[in-house]
Structure formats: structure tokens, C-alpha cells
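Have a look at this one before I ask anything.
Side-chain atoms are counted along with the backbone in the values below, which use heavy atoms only and exclude waters and symmetry mates. Reminder, nothing fancy here: chain letters follow the sequence lines and each chain counts from 1.
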Amino acid sequence: MKRYSSFAIVREAFRNHSGWKKAWESPIPKKKYDVVIVGAGGHGLATAYYLGKNHGITNVAVLEKGWLGGGNTGRNTTIIRSNYLQDPSAAIYEKSRSLYENLSQDLNYNLMFSPRGVMMLAQTEHEVRGYKRTAMANALQGVPTEYISPEKVKELCPIINISGPRYPVLGALWQARGGTARHDAVAWGYARKCSDMGMHILQQKEVTSIISKNGRIGGVATTGGDILCDKLCIVVAGHSGALAEMGGFRLPLESVALQALVSEPIKPVMDVVVMANTVHGYMSQSDKGEMVIGGGADGYNNYTQRGSFHHIEETVRSLVETFPMISRLKMLRQWGGIVDMTGDRSPIISKTPLENCFINCGWGTGGFKAIPGSGWATAEMVASGEAGPLASPFSLNRFKEGRFIDESVAAGVAH
Amino acid sequence: MSSRIPGHGGLVNSSKPLTFQFNGKELEGFQGDTLASALLANNQLLIGRSFKYHRPRGLVASGAEEPNGLVGLGEANSFEPNARATTTELFDGLVSCSQNHWPSLEFDIGYVNNYLSSLLPAGFYYKTFIHPRPAWKYIFEPIIRKSAGLGKPTKGKDPDKYEHFYAYVDVLIVGGGISGLYSAKVAAKSGARVLLIEQTPHLGGQASIDNPLIDQGSIAKWITELTKELEGMNNVTIKARTVGVGVYDHGYSLAYERLTDHELNLNGSRHRLWKIRAKQIITATGAIERPLSFANNDVPGVMLASAVRNYLTNYGVSIGDRTVVVTNNDDAYRTAISLKNAGLSVPLIIDSRPSGAGELAKTARDLGIRIENGKAISIVHGKDRVKGISLCDQVGSGTVLEEISCDAVAMSGGWSPVVHLWSHCGGKLNWDNELCAFRPDTQLPPTGVNGLACLSVVGSANGDLLIDDILRVTYEVTLRVIKELGLETNEAPLPSTKGIKENSISAVWKMPYGASTKLKSKTWLDFQNDVKVTDVELAAQEGFESVEHAKRYTTLGMATDQGKLSNINGLAILSESLHKDIPSVGTTTFRPPYSPISMGSIAGEARSELFQPIRKTPMHDWHDKHGAKWEPVGHWLRPYCYVQKGESVKQAVFREVTACRNKVGVLDASTLGKIMVRGKDSGKFLDMIYTNMMSNLKLGKCRYGLICSENGFLIDDGVVARIDENSYLCHTTSGGAENIHSMMEEWLQTEWWDFEVYVTNVTEQFSQITVVGENARRVLEKLGCSKICSDSLPFMGWVDEKVFGVDVRVYRISFSGELSFEISVPSNKGLFLWNEILSLEKEFGITPYGTEALHVMRAEKGFIMIGDETDGTVIPQDLGLDWALSKKKNDYIGKRAHQRLYMSNPERWKLVGLESTDGSVIPEGAYAIGLGENEVGQKVTIGRVTSTYYSPTLKKGIALGLVAYGPDRLGETIQFPTLTNSVVEAKIVSPIFYDPDGFKQNV
């Protein structure tokens, strides 16, 4: 792999950029791999990357039915934070956030990780108590966060209307090291590095069935033929239920459309990420100048990647109230992604009833921020056959035992 | 130069001059102008700077597809960034400014990027700014951020209003060109209710510019008469300045009407968002001309041929004095002919097709226009405006054959049907090789609620470009659509037309075919985002082969025009680079809105006071007058406390608590959820809803009950009263009434549909007043209650009474630990009763109290509060409420969940009381720490505070909390670290701090 650098750009400028190689290869599939990962989104690619980097397993294929990074990795609002309430969540999201800090250097790909700070507004007494509690929990979890005053909120984000009238800002939970990253680049950066390690990223290969024998994984049948493997890891977010069915087991998941939108690009007005859970909306400004806005999930299950307009309306209404200046901006584009939600709104990183078949799913509305940590923990599980300390609380077994990891306490809505 | 041509311009009224401002300059236009046409009339061709290289840019188009002509409009808080000059109607006093440059439009430092462009190819930022790590945050990103974005927004509050409209029609027609108008006529004649919307202020569309013959007359006359006829029909509504922006599932459509943007100081709402349910939708959204890709095709003065013609015909504005026309199809010849007829010079028509055009070529030649077939533009000369072009062969690499001086170039790369609305909700597209465009695949339309097609396309949006085809297909399609509605008509016969025969277009995605890299690196695809042919080729070279990858890597089509001009050209370059045909590379997804809509319009009326409904109790105004500090609880506003003069909030709460404990307090408890459950299976139903038994509750009695989720977690609590044999009144928490009501409905409708039970949320039908304190009974007696002595009304009983002739119901329940009655009264008598009670204020020392005093008192008494002691992870067993889990019942919601392994784990944290060893208040949300760290390095926790208050009664800090093995550890001390590095020590005690024997509430 040729390293990316400013020098390389200057060098290439002299030959009209003719020397840039493919970011990832499109190889001819092998008959068999040590590990096959289904789903070349952020989580699948990160799993592959850490299998290679941390565990030396590089005979890996990542199958993708569409184009890599084309699912929720390329559809989210790019927020990265780890100020979660419950210990297992804080552990994996903080691992993830800290990996993001050096990921551009690790991957030699500028992911534009931008620790611009994330604040979650408290607009009711109940939220004040909730966020104070989270700040307390975070302190013990080693996640630096702070409960800040309305004045500090205004100072960090001058365009917020902190005085209501309906829901005055009473304070906020502030994570200075949270922020955003360029979502596509995360998938592309991992893909490039995986390809460089000799892994096969096979796009346009849809898995049509799972091959197993005596309760043990054998491989997958795809639209491009059968591919055998010793271990299989399913990382397909909204379509996990469909893959699980092929494997003969069921998952406690529901798939719903989650929507987002952007405004036309404007000059910078907002440097931090703001989440307002009482009124259901969150917003940040991208480096391109667009206000990136996320809202709620549809109340019914579907796979359309569209969603219904009333959610957009609800979100925009809230944000116009919180940030009155956006009223005269214009919505440029809205879209939806299919998120897979568990009952406790926490992910699943687990072995499955099928031997040597693993699953990573259920990230719901908050998966982007988790990509590196999730990949790290999943790779550890796939490599050793057992979930490590980061992943083990997220096993499928927790639903059987009732050992839920409920985050709705801290963030009532999409996060 | 660009200028006004007297005697031209069908839309402008030259007797009505208007003054406006651009970058501080006072300019003049006419009524009927767009800002774009008025600027052109003043020779203001340069209108903005591009996003990345800050290249000078002029107008390219004349409609919603314009990528360059973005300006700032208005002043102060009414300022709007990124307004499209081409769709902005001129009015007297309009103020506009250009964007994205410093220090000025004419001299922009950012233009230095243009010289660095070879260092800034597609995706360059992914490859650099990587080291050293902090540099991204502190150096590179701030620079990039500063240079990004276009307009500079106002930060004030929008003074305008917005509104939503809801329309229900048989047929929605989007687009008021001739196909839309004619379709409306056919539909309307059948009796269908028709709504026709048009994005511009004028009906007629492209045809009114090209003026073909129809019914042996002029099209203008035909349009006028047809419009008049439609306006006269009462089943037709026509809305101009209204753009169809989105089609959602089942054909739910969104339109955006701009009501006041075209005049200064118009009253009323600025924008109106239409939400339309139509049985059938017909889109007649027209087609958008594509640019041609030749070097320097972005220099101001290079414009779409149709736009040049539009500015001339409709606004009497010429773009230049000498215009070279370059095309791959016949239509652009019309532009040359119009220009020539207006007395302007057209030195040359460059036609990339070896065989050239048909009839129109002959007309052009007859006018003396030189035509070169099989030729192309090698490069355009000029920086701020076109100075000339180099002519070359279309085949070959661009060897210059001749230099031609000109000051404008009119280009046409063919037409792309506007298929956005068709595609928003799943309509599929076919690539038409003949047309060189995607057109709707009528076999795979968007479908409505019945699974059948709900949207049809007519006119050039369908790929029909000749008037004969347009009207014929419109007629056929509309007849089919109204037939779906069970209607028909023969009263709108097909008009006779004779279009001019045209030779077919030939695909030209690059000019010339063999353009060198040098030329291609100056050939723009996306004008606003500065994406060039070489960028897309680089994307393909680097493996970004999917159209979505290429789009995201290069940002092609992601500008404010959303690729209306660039997508197909970019896609063609991508497919050429990949040696694939266009359909196999596919197209990106079309997403709403078709053109950007204001956030204000989406929010509608719901802002400030109307943002969300505020639920007020009948006593609201009284509270307000008496110093209530409000607290939102769901949509309710409740008094947190009543602050008296010279008193702090804290002091107010202490005063209120003390009053309740020592004398009498009254609380407006009207927000308490009240759900009436009726029917012969009510008892059976409530036995399933509540964890405890309700069916055996005796008439006239109350019982405290718990409701769990399916997962066994405690979600609500409250007192249930048995009203009669088949009726129960269930009290819920104030915030939980709606959820519990819907939960009950959901179970009844989906699982227990055979139960004869009716649930009604009567929360707002009754006001409820809590009278608390040892004198409470005397207060009620004074009011006239006669059946409330402890024998006739024991604790957890209720009784009906009459107070001043008003029927009331008195519940003897207590959330404070004091003797307490809740008086329920029809809401319209709530204030009356409240006033009556308070009229006894002096006699009994009655003090109204708010939610905070309520919370403090319940904590003193060790009562749990949903949302404090519970957070969605707590089960009744954790709170010592095992007694409320009926063992007699076979089932209730949550019972099976309670049998899960972890629910009976002895390590679960359990409810206890906590008292700091120094009497201080333990910080809110604090966790108690155990020994060491867990395997991921987090401090081990063994419990947490759930409620913490200063108790005015006990004069010390008290708290409730959940602690591992807590009830077994009474008397032990545990540590709560604070955020300021100190530690609060607390003793584990019983959660009941006040009157543990219940003596006070039982008097």
C-alpha cells in the first residue's frame, strides 16, 4: 500500500494523479477463508481490521451485498461520544472513542475525527437529575464528562436559546472529547487497510443461505457462489434478523427506519454537537457547513430506508425552538437508514446457537460511534471463540437471564 | 455584455421599473423579472464564487436547477442565505448580496485555491492532514471549516410565520406546463377534484417560450384560455409559486408554497407547507437541460441554451452580444434562431453530431447562421467572462481548428426528465438510449395503499419532448388515471398540433471525445461543488466504482442543486471510466425535497408558545398569581413551589413542607393520571395489568398498585379505587397517564380483544385537590363533608360527598405520611373548590405546596417515586415491594420476566435509606464505591443514590438509594465519591425516616 501523505499528493500532482492505486482491491473470491464476515459496513470492516491487527488472522473475507459502507455507516449523523450511563456501555463506547482518537494515524486515512465536544441538554428537572447521575457514573468509569450550567451552554454554543419559553435549558452533560468524524471515511479507511493486509472485500455478493453441518458453521451461499469458512461473523445491522433466520436462530431485534437531514451549507455557526432529548432532536455542523440533524425512529417496523415525514417535522420543530436561527435555513436532503433495535437499546456481540457463528448487531440508533470498539471486541471474540470483557455483557444470553443494559435511562431517544 | 433588449420579454412589464440592491449597488429591473434576469439586464454576470476553488461563477440556468446563482437575500433577522436568484422574484426594495468570497466578489483571495487545484483533487483531504495528530483539530480543520459553507446566516430569531395546509383531492397534478394544464383539464372534465401546483408564478412552462402551433393558434392564447377555463371550474384549484417537493409512502405528498417572498412587507405567513393526500398523482415536472462537458465550461457567460432562450423570450435579456451555440441535439438551434431574430449575433452553431440537425438547422442557415457539424469546443477563453472559444473536432483530442471570439456560449447536452417525485417513493427508472436519459419505468411505479400505482408521469418528465407526443401521452395517461377513480370524459379532446421534426440526440459526455487530461482537469461537472471530469475519473481509478462511492468521494451532486445538472454527466463519465454502460452503473437515490425548503415551513405554526401544547389545570392562573415556579411534567406545567416575596426557592420548599407537617397543606393534584376502566371483565383485566390483585378490591376501597413492563421493570404506580361492580378508577403518575392508557388499549386490542373492557382517560375531567396535615379533616368538615370520620372513611377508602352543592369524591390516601384527603371534583368546579378551601386559610393555617415539597415529604416517608427510584431497570423486588406481587394470580404483565435468573439474583441493589454521617445532603446521582476496579478498569460500584433531599422536618440530609445487600447492611457506612474529589460517607438506614409506624396518616 502506498502511504497517503502531503508529499504523496505533491508527487502525484506532477503526474496528474495517475499513480494513485485502488483504495481496495476487488479480488476473485477464494473457496475458503478462516473467517468470513457478512456485511462490509463500519462494524464488519473494523472487525476484520482488528482480527488482522490484534490477532494476526488475515485469511478473511468481508462480504457485502451492496457497496461497502453503504448502510448505516454512510447514513448516520456522525456523532461520537461515550458518556453512557451503564458500565458495560461506557466501557465499549469509551474504548471506541479512544480508538477514534488515533484512527486516522492507524489507518493512514484522514477520518477527520473532530473532538469538538458533545453536549446533552437538560430541559426538565428529571433530565437534570439523570445527567448529574451520568456525570457521577462517568467519573467512576474513567470517562471524563462534566455537568455544566446554562451559561456555559450558551458560551459553548451561542445559537442556543437557553431561556425557553417552553423548555428552558437547565444545564447539560458535556463531554469535551466527544465529537464527530467523516462517516464514509471510516468505512473506506478500514477497507483500504484490510485490503492491504490481504483480506478480501467482496462487494455485490449477497448471502442467500448459511451452510452448516451438525450445528456447526460451514460457510455461506452467495449470489457469487458458495464460500466456505471456519468461522462466520454476521454484522449486518438492520438485516440481522434475515441472516439469523438463515442460520436457524432468532434474534430479539426490531428493524425500524431512523431519519436524518441536512441543511444547505452555511458559514460556521456552531462548533459543538448538541443533543436535546426532551424535545427529540440533535444537531451539529459538518466541515462542509451543513447543519446535520437527526431525530426519532419510526414507530413501526420496515426496511424502506425512507421513513415518514412527520418525524422530520417533529425534529425540525424542536430544533427551530432550540436554535431559532435555523428557521431561515433550508432543508437540503433527508434520508433514512434501517436500525436494528433490541429491547434494552444495547447491542448484541455474541456467540450464537450455531457453533462458530458469531453475531454483532443491535446497535440501534447509536452504532457509528461504536465502530472501532465494536470491531475490537468482536474480533477478540471471533479470534478466541469467547467474548472478552468488553463484549461479554452484550451476549444474547442477557435476554434470557434478564441482565439488561438499559440506556434509555440516560437518553430517551435516538443517540 | 449582458443587457436588456427592448421590445422583448413576455413576462416583464417595462413600464413598471423596480429598484433593488446587489452588493450595495442600486440597480433597476422591471416588474416580472427574477433577480437573475434583473442582474443580467444590469450586466451583472458574475454572481458568486464556487465552493472549493472560488472560481468566478455566473448564472448557468434560469430555474430551480441553478447551481451558481446563490445569494443572500434581505436584511437583519429576515436575511436568508443561499437563496436562488433564478427563482427569486424581483420586487421594489429587494436587497441581495453575493456569497463565499473575501474581501469582495470581484477580488477573492480564495481564488488562490484555483492555482492549487492540482493539489486538491477529489478526496485529497482523506490523504493528508493526518500528522501530527493535534494538527487536525487545531490547525487544518478550523481552516477548512472557515472556508466551507456558502452563505453567512443571521443568528437572530426569524420574524416570519409559517403554516401547514392539508389537502385531500382526487388528482394532484405537479407542474403547470402544457402537459400539466391539459392533464388537469382532462381530469377536471371527468368530475375529479383536481389540485394543480406550479413552482413558478406563471403557467405554461417551456412551451410558452418555444411557442409551437396548437389548434392552429398560438400556444400563449391556448394556455391563457385553458387556464381561464380551469380557474372557472369549482373542482379545480391552481396554486402557483408552489413546488412539489416530496412523495412519501402510499403517495403522501408534500408541496411548498412561497406566499410572501415575492413582495416586500406582505402580510401573512411566509411559507406554507401542503400535506396532500391524493388518490392519484400526476407529475408533469418537465425536464432539465444538461450542460456539456468541455474545458472551462464554468466561465461566466457559458449558459444552458434553454436558459439563454428563456432570459431572452421571457425577460428580454441577452446574455451576450455574440453567442456561440454548442449542442448535441436540435433543440438548441431554437436558441440560436431566437437570438438571431432578436438582432443578436450568433457567429456559430457547433453541433457535435456529424449529420447535424433537421428542419431547425435549415431555418438557422436561412437566417445566415454558420453551422459546424461534428465539431466541439476545445476550451473556452476568459476568466471572469467568456472572451472566445477554440473550435475542434468532436473526435480527436481537441486540436484547435479555429479561434472564435464571442462573449457568451449557449450549451445543450440534451434533456433529463425530472423524475425526482417518481423516484422518491420507489418508482424505478429505465435508461433510454435514444433519449440519452433515465425515464420512468412505467412497469414499476410507486404504489399506493392498495398496492397499485399511485403516481403517473406525463410530458417531458416522461421523456416526451415533442409537443405531439407530449399532449397525446398526457391525454392517454390522464384517461387511464381517472378510470382508476371510476371516472371518464370525452369533453377534453386532444388538440391538434404539428411539432417540428427533430433529428435524434447523440450522447456526448465529454468534448472532445479524446480530451487531454489538461482539458479534462478544467471541465466542470458539478459547478457549485467544483467537481471536474478528472475528479470522477480519479474516483473510478481508486476503486470508488459504485455510483454512491463516487458521489461521496467527489461530492458530485451533493451541492444545493442536488445534482440536477451534474448527476447524469457525472454518471456517464464514471461509467465510461469503468468501461460499463450507464444503466449497469445505476443512479444515486433521489431524496426529498426536490428543491430546498425552509426549516421554518417544516416547523409550521408550532413555535414559541405554540411549540407544544401546555396542559393547564383549572387552578393554573391562581398558581401563577401566587408565585408559582413552574416545572414541566410531560406537557403539564405544575407549581414546583410558591415563592413568596423575599424568599428563595429553597426557603419556599422548606416553608411548604413545614406547614404540611405542622398545620395544613393543599396541593393541586389535578395532573394525576385518571383512567376509568369499565366493563364486566374489568377486574380480570386489571389483575393482568397490575402486579397485585385488583378484582377482589371491595367497593368503596382503594389499593396501591404496581404496573410492570413485559420485562418486569416497574413503570408506573398509583391508587386504584373500586367505583362499582364493574368500574375501577386507576390513578397513574402525572407523566404516565398517556402511556399507561395506550398500554391498556394495546393489550385490549391486540391480546385480550375478547375482554369486555372499556378504558377511558378521564385525567382532565376531574380536578383533584390534596388536603394534608393533622387539621385536614377539620378543613373538610368545615367545607361540609359529613362522612369522613375515621370510622366511615378509614385509610384507603373513598366516599362521595357534596360540598356547596357540588358533587365531590373524597379519597383517603396519603403520599406524605400525614392525614390526607384527595378531593376529586369535576374540572369546571376545580377552581371554585380550591378557592373555597383557601378561604379557610386563616382559620387553619392552610399553605399551598408544590411538587418539590411533595417529593421531600414522600422521601421522608420512604415512598418511592417513579422516575427517581425507578429508571427502567428496577423491579418491585428491588424496592421492597414484593408484597405487591400477587402469588395468587396465574399471570400478570411482568410475571414471567420476574422468573428470569437475574431477577432473583441476591446481588441486585435494594432500596435503603441513607444518611450522611455529617448530616449533609448526599450529591444527586452519587454512586457508592466498592473495592478496586472491574476487568475493564472501571471503579466497582455497590449502590447509588436515587433521591436526596434536605429534610426540613428532620433537619438533616436524607436520601433513598439502591445498595447491594442493602437491607442486610443497616447501620453500615458506605462511601460516595463526589465530582470534586471528596467523599461523602453515609450510613445505611431504613428508608422510612418519618413516622415509621404510620401513626400520623392513620388518625
Examine whether an atom of B:H250 lies under 4.5 Å from a heavy atom of chain A, and if so say whether it belongs to the side chain, the backbone or both; otherwise answer neither.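 No part of B:H250 comes within 4.5 Å of chain A.
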Any side-chain heavy atom of A:D87 sitting closer than 4.5 Å to one from A:Q141?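 Yes, side chains in contact.
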With side-chain contact (heavy atoms from CB on, under 4.5 Å) as the test, would you mind laying out the steps for A:I266 and B:L150 before giving the verdict? CA-CA 5 Å; A:I266 50 167; B:L150 291 166; over 6 Å; no
Identify which part of A:N302 has an atom lying under 4.5 Å from any heavy atom of chain B, answering side chain, backbone, both or neither.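 Nothing of A:N302, per the 4.5 Å heavy-atom cut-off to chain B.
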Is B:E545 close to chain A through its backbone or its side chain, or both, or neither, when contacts mean heavy atoms under 4.5 Å?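 The answer is the side chain of B:E545.
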Chain A contact via B:F140 - side chain, backbone, both or neither, heavy atoms under 4.5 Å: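 The answer is neither part of B:F140.
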Atom group of B:I614 that falls short of 4.5 Å from chain A, counting heavy atoms: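 Contact with chain A: backbone and side chain both.
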Would you indicate whether the side-chain heavy atoms of A:D271 and B:R145 approach each other to under 4.5 Å?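 Side-chain contact under 4.5 Å: yes.
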Step by step, would you call B:D561 with B:R84 a salt bridge (Lys or Arg N to Asp or Glu O under 4.0 Å)? CA-CA 10 Å; B:D561 60 310; B:R84 203 174 285 105; over 6 Å; no
Segment of A:F399 engaging chain B (4.5 angstrom heavy-atom cut-off):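 Only the backbone of A:F399 comes within 4.5 Å of chain B.
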Given that the side chain runs from C-beta out, which part of B:L120 has a heavy atom under 4.5 Å from chain A: side chain, backbone, both or neither?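 B:L120 has no heavy atom closer than 4.5 Å to chain A.
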Which region of A:A8, side chain (C-beta onward) or backbone (N, CA, C, O), has a non-hydrogen atom less than 4.5 Å from a non-hydrogen atom of chain B, or is it both or neither?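 For A:A8, no heavy atom lies under 4.5 Å from chain B.
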Of all of B:K137, B:Q99, B:K157, which one pairs up most often with chain A through heavy atoms under 4.5 Å apart?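 The answer is B:K137.
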Does the side chain of A:Y4 come within less than 4.5 Å of A:N110's, by heavy atoms?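 No, every pair of side-chain atoms sits at 4.5 Å or beyond.
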With a 4.5 angstrom heavy-atom cut-off, which part of B:K146 approaches chain A: side chain, backbone, both or neither?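 It is the backbone, since no side chain atom gets that close.
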Contact origin within B:T560 toward chain A - heavy atom pairs under 4.5 Å: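 Both parts, backbone and side chain.
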Using non-hydrogen atoms only, which part of B:Y252 is less than 4.5 Å away from chain A: side chain, backbone, both, or neither?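 Just the side chain, heavy atoms under 4.5 Å.
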Examine whether an atom of A:Q285 lies under 4.5 Å from a heavy atom of chain B, and if so say whether it belongs to the side chain, the backbone or both; otherwise answer neither.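 Both backbone and side chain.
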Let me know if B:F124 has heavy atoms under 4.5 Å from chain A in its side chain, its backbone, both or neither.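 It is both, since atoms from each part get that close.
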Suppose we call two aromatic rings close when their centres sit under 6.0 Å apart. Are A:W188 and A:H183 close by that rule?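 When the ring centroids of A:W188 and A:H183 are compared, they turn out to be at least 6.0 Å apart.
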Would A:H310 and B:K275 satisfy side-chain contact (heavy atoms from CB on, under 4.5 Å), going step by step from the backbone distance to the final call? CA-CA 10 Å; A:H310 83 269; B:K275 299 164 178 188; over 6 Å; no
Sort A:F113 into side chain, backbone, both or neither according to what part of it lies under 4.5 angstrom from a heavy atom of chain B.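 Just the backbone, heavy atoms under 4.5 Å.
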Is the shortest side-chain heavy-atom distance between A:R398 and A:I405 below 4.5 Å?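 Contact flag for A:R398/A:I405 side chains = yes.
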Sub-6.0 Å ring centroid separation between B:H271 and B:Y162: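 Ring centres of B:Y162 and B:H271 closer than 6.0 Å.
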Output the option from B:Q541, B:H424, B:R607 having the highest count of non-hydrogen pairs under 4.5 Å with chain A.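 Heavy-atom pair counts peak at B:Q541.
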Check whether A:D344 gets within reach of chain B through its side chain, its backbone, both or neither, counting any heavy atom under 4.5 Å.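 Neither part; nothing is under 4.5 Å.
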Given that the side chain runs from C-beta out, which part of A:R182 has a heavy atom under 4.5 Å from chain B: side chain, backbone, both or neither?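 The side chain, not the backbone.
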In terms of heavy-atom proximity below 4.5 Å to chain B, should A:M291 be classed as side chain, backbone, both, or neither?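 Neither; nothing under 4.5 Å.
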If you measure from the Lys or Arg side-chain nitrogens to the Asp or Glu carboxylate oxygens, is any gap between A:E264 and A:K330 under 4.0 Å?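 Yes, charged N to carboxylate O under 4.0 Å.
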Region of A:V10 in contact with chain B, defined by heavy-atom distances below 4.5 Å: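 When you check distances to chain B, atoms from both the backbone and side chain of A:V10 fall under 4.5 Å.
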Does the side-chain contact (heavy atoms from CB on, under 4.5 Å) test come out yes or no for B:L273 and A:F309, once each step is laid out? CA-CA 12 Å; B:L273 199 63; A:F309 185 74; 3.9 Å; yes
Can the ring centres of B:W136 and B:Y125 be said to be less than 6.0 Å apart?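 Judged by ring-centre distance (under 6.0 Å), B:W136 and B:Y125 do not meet the cut-off.
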A:Q203 portion near chain B, given a 4.5 angstrom heavy-atom threshold: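 The side chain, not the backbone.
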For chain A, find which of B:E933, B:H635, B:E710, B:E609 contributes the most heavy-atom pairs closer than 4.5 angstrom.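 Of the candidates given, the most pairs with chain A belong to B:H635.
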Picking from B:G735, B:P592, B:G600, which has the most non-hydrogen pairs under 4.5 angstrom with chain A?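 Counting heavy-atom pairs under 4.5 Å, the top option is B:P592.
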Contacting moiety of A:A187, where chain B heavy atoms sit under 4.5 Å: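 Neither; nothing under 4.5 Å.
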side-chain hydrogen bond (donor to acceptor under 3.5 Å, both in side chains) between A:K267 and B:N100, worked out: CA-CA 9 Å; A:K267 291 293 176 198; B:N100 202 31; 2.9 Å; yes
Please report whether the ring centroid of B:Y126 lies less than 6.0 Å from that of A:Y109.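 Under 6.0 Å, so yes.
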Need one label for A:K95: side chain, backbone, both or neither, based on atoms under 4.5 Å from any heavy atom in chain B.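 For A:K95, no heavy atom lies under 4.5 Å from chain B.
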Could you check whether the rings of B:Y553 and B:F544 sit parallel, tilted or perpendicular, using 30° and 60° as the cut-offs?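 Answer is parallel, since the angle falls under 30°.
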Report which part of B:E631 has an atom under 4.5 Å of a heavy atom belonging to chain A: side chain, backbone, both, or neither.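 Looking at B:E631, just its side chain touches chain A.
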Going through the checks in order, is the salt bridge (Lys or Arg N to Asp or Glu O under 4.0 Å) test met by B:R552 and B:E548? CA-CA 6 Å; B:R552 287 153 182 258; B:E548 282 287 350; 3.4 Å; yes
Ion pair present between A:D406 and A:R345, side-chain N to carboxylate O less than 4.0 angstrom?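 The answer is no: the pair does not qualify as a salt bridge.
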Ignoring hydrogens, what is the shortest heavy-atom contact between B:P593 and B:P596? Give both atom names and the distance.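 Smallest heavy-atom distance, with atoms named: CG-CA, 4.1 Å.
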Contacting moiety of A:L111, where chain B heavy atoms sit under 4.5 Å: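 Neither part.
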Working note: A:N397 + A:R403, criterion side-chain hydrogen bond (donor to acceptor under 3.5 Å, both in side chains); need CA distance, chi angles, decisive distance, verdict. CA-CA 8 Å; A:N397 233 4; A:R403 200 184 281 268; over 6 Å; no
Proximal component of B:N77, with respect to chain A [non-hydrogen, under 4.5 Å]: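 The backbone, not the side chain.
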Among B:Q562, B:H131, B:K155, B:H898, single out the residue with the greatest number of heavy-atom pairs under 4.5 Å to chain A.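 Among B:Q562, B:H131, B:K155, B:H898, the one with the most close pairs to chain A is B:Q562.
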Is it the backbone or the side chain of B:L70 that comes under 4.5 Å from a heavy atom of chain A, or both, or neither?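 Contact with chain A: none, neither part.
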For B:A606, is it the side chain, the backbone, both, or neither that has a heavy atom closer than 4.5 Å to a heavy atom of chain A?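 B:A606 touches chain A through backbone and side-chain heavy atoms alike.
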Need one label for B:S598: side chain, backbone, both or neither, based on atoms under 4.5 Å from any heavy atom in chain A.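 Contact with chain A is through both the backbone and side chain of B:S598.
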When only pairs under 4.5 Å are counted, which of A:A139, A:G66, A:A185, A:S114 shares the most heavy-atom pairs with chain B?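 Between A:A139, A:G66, A:A185, A:S114, the count favours A:S114.
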Pick one of side chain, backbone, both or neither for A:R192, based on which atoms fall under 4.5 Å of a heavy atom in chain B.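 Contact with chain B is absent: no heavy atom of A:R192 under 4.5 Å.
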From CA spacing to verdict: salt bridge (Lys or Arg N to Asp or Glu O under 4.0 Å), A:R177, A:E94: CA-CA 10 Å; A:R177 297 297 298 170; A:E94 175 58 14; over 6 Å; no
Taking A:M325, A:K132, A:E146, A:R333 one by one, which has the highest count of heavy-atom pairs under 4.5 Å against chain B?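 Among A:M325, A:K132, A:E146, A:R333, the one with the most close pairs to chain B is A:R333.
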